Amino acid sequence: MKALVKVQAGVGNVSLVDINDPACPADKVKVEVKYTGICGTDLHIYHETFKNYPPVIMGHEFSGIVSEVGSNITKVKVGDRVTVLGSTALTCGDCHYCKTGHYMFCSNRRGMGHGVDGSFTKYAVVREDMIYKLPDHVSLEEAAMSEPLACAVQAIEELTTIHVGDTVLLSGPGPIGLICLSLLAVKGCKVIVAGTSSDSLRLKIAKELGADIVVNIDEQNLDTIIQQETKGLGVDVTVECAGAGPSIKSCLKALKKLGRHIQVGIAGKEITLDFDLILYKQIKVYGSLAHSMKTWDRVIQILEQKKVNLTPIITHKLPLSEWEDAFQLCEHKQCGKVLLSHD
C-alpha cells in the first residue's frame, strides 16, 4: 500500500512510497483510513520546523472503519466507524500530566504523524483506548475534523467563560480559527473575524459560519472597526489563531481593560510585544495547547448533538496521490480544510 512518509530529516524529504500492510497485534486495532485532514503541523514537518522522527508516515487527523481487531480487544469490533486520538500514540502513562489527562505535556509523548506512523496511508494500527466510536449520523468527513475540533473546544469552552453577548475578535481564519468561530456563534457571541487578502476564501466561509463582521486588514482599518463596534470600549475577548506577531499585537490592542486573550496560534519564533498592555489593561492571557482527555469526551457530545456545522470548512477532498497539490493549497491559503483519502 502507499504511504506519505517523511523519509529523512531536512526540508522537504517527503515522498509517497510503497509499504507493507501492517499486522494487527493482539492488543491493537487496525483501522482502514477513510479521510485524513492536512494540518499546519504537517506543513511544519515538511519544512522541518516541527520536531519529527523520520522515517515516519505523516498525518494524524483522521477517521475510518475498523477492519481488524486483536484477540485481546473487547470494546471495539470490525465495522465500527471511528475517529482516533492520535496525540496519545506514545506517552509514559505515569507522570502527573498523563494521570490528570493532560497528555500533551508528557515529556515522553510522541504523536501519530510525527513521532510514530500516522494516517496518510490505507491502514493505521492503534491502541483501543485511542479510538472513539462515531454516532451514526456523523459523516466520516466530519469525523476527520475531530482533532482540530478538540483544539477549538479547549480554547473556547475550557479555559475561561465566554458569555452570550460578548464581542470577540478572532484573528486568523484558518481551519481551527473557523471552528472556533462556529463554537462562538453557537454561544451567541458577536464575532469579528480578521484576516488578510490571502484569506479571502476563508473570510467568505467565516461569513457563512456566522461571523457578524469580517475584516480584510489589507483593505480595512481594524482599529477603527473595533472602536465603532464596541463604542470605544474594546472587545471582551480575543482569540488569536494566526500565530503571527502583528496579529497578536492587534489582539492585545483591541481588548478592553480587564479583557481576555486566548492564544491558539503558534508563532514558532520569538516576537516583540508591548508587555505593559497586559499590565495596564489587566488582561488575562490564556495559552491553549491542543486538548486534553476531557476535551475529547466533549467533542463526541458536540458531534452527536450536531451543535456545530463543520461541512462548510471542508473545501477539498483529494486522493493521497495528489498530496503535493493539496499541500500547496494549504500553503497558499486557497482552501478551508483539505482531506486526503487513499487512492
Side-chain angles (χ1 to χ4, degrees), residues 1-25 27-64 67-68 70 82-93 98 103-131 144 146-148 150-151 175 266 268 289-291 318-328 330-331 337-343:
M1 64 182 186
K2 297 289 186 180
L4 188 63
V5 177
K6 178 80 173 184
V7 293
Q8 63 183 32
V11 177
N13 295 330
V14 173
S15 298
L16 195 63
V17 301
D18 289 303
I19 64 169
N20 293 327
D21 189 333
C24 183
D27 60 344
K28 296 290 177 65
V29 176
K30 186 173 179 179
V31 177
E32 182 180 359
V33 178
K34 290 302 182 182
Y35 295 100
T36 301
I38 297 177
C39 175
T41 301
D42 297 313
L43 302 181
H44 285 302
I45 291 169
Y46 180 91
H47 293 291
E48 198 65 18
T49 54
F50 186 89
K51 191 173 184 179
N52 58 90
Y53 300 84
V56 63
I57 300 171
M58 297 169 64
H60 62 277
E61 302 177 357
F62 71 105
S63 65
S67 62
E68 186 178 345
V82 300
T83 186
V84 176
L85 202 177
S87 299
T88 62
L90 178 61
T91 61
C92 76
C98 285
Y103 43 76
M104 294 301 299
F105 300 107
C106 174
S107 298
N108 296 317
R109 188 189 73 85
R110 292 190 189 183
M112 294 183 72
H114 67 93
V116 302
D117 283 339
S119 57
F120 281 145
T121 187
K122 187 174 183 179
Y123 294 106
V125 176
V126 300
R127 297 191 315 275
E128 187 176 31
D129 65 280
M130 296 166 64
I131 284 180
S146 297
E147 199 273 346
C151 293
I266 299 173
L289 177 65
H291 34 70
L318 297 172
L320 189 60
S321 59
E322 297 180 23
W323 72 270
E324 290 176 286
D325 291 339
F327 272 43
Q328 284 299 307
C330 298
E331 292 272 16
K337 174 61 74 174
V338 179
L339 302 181
L340 292 179
S341 58
H342 201 275
D343 299 77

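What you see is a predicted model; the values in this text were computed from it and never measured.
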Legend entry - T36 (side chain) donor-acceptor with L340 (main chain) under 3.5 angstrom: no

Legend entry - Spacing of N108 atom CG and R110 atom CZ [to the nearest 0.5 Å]: 9.0 Å

Inset, instruction - Hey, could you give me the OG1/CG distance between T41 and N52, rounded to the nearest 0.5 Å? - result: 11.0 Å

Using 4.0 Å as the upper bound for N to carboxylate O, is an ion pair formed by [Y] and [X]?
X    : Y   : value
D18  : K2  : yes
E68  : K28 : no
K337 : E61 : yes
K6   : D42 : no

Legend entry - Heavy-atom pair with the smallest gap, counting every atom of V7 and S15: CG1-CB, 4.3 Å

Legend entry - Heavy-atom neighbours of Y46 OH exceed 12 at 6.0 Å: no

Inset, instruction - Consider only side-chain N and O atoms of Y35 and H342, and report whether a donor and an acceptor are under 3.5 Å apart. - result: no

Inset, instruction - Measure the shortest side-chain to side-chain distance between M112 and F62 over non-hydrogen atoms and say whether it is less than 4.5 angstrom. - result: yes

Inset, instruction - Would you please classify the geometry between the H114 ring and the Y53 ring as parallel, tilted or perpendicular, with 30° and 60° separating the classes? - result: tilted

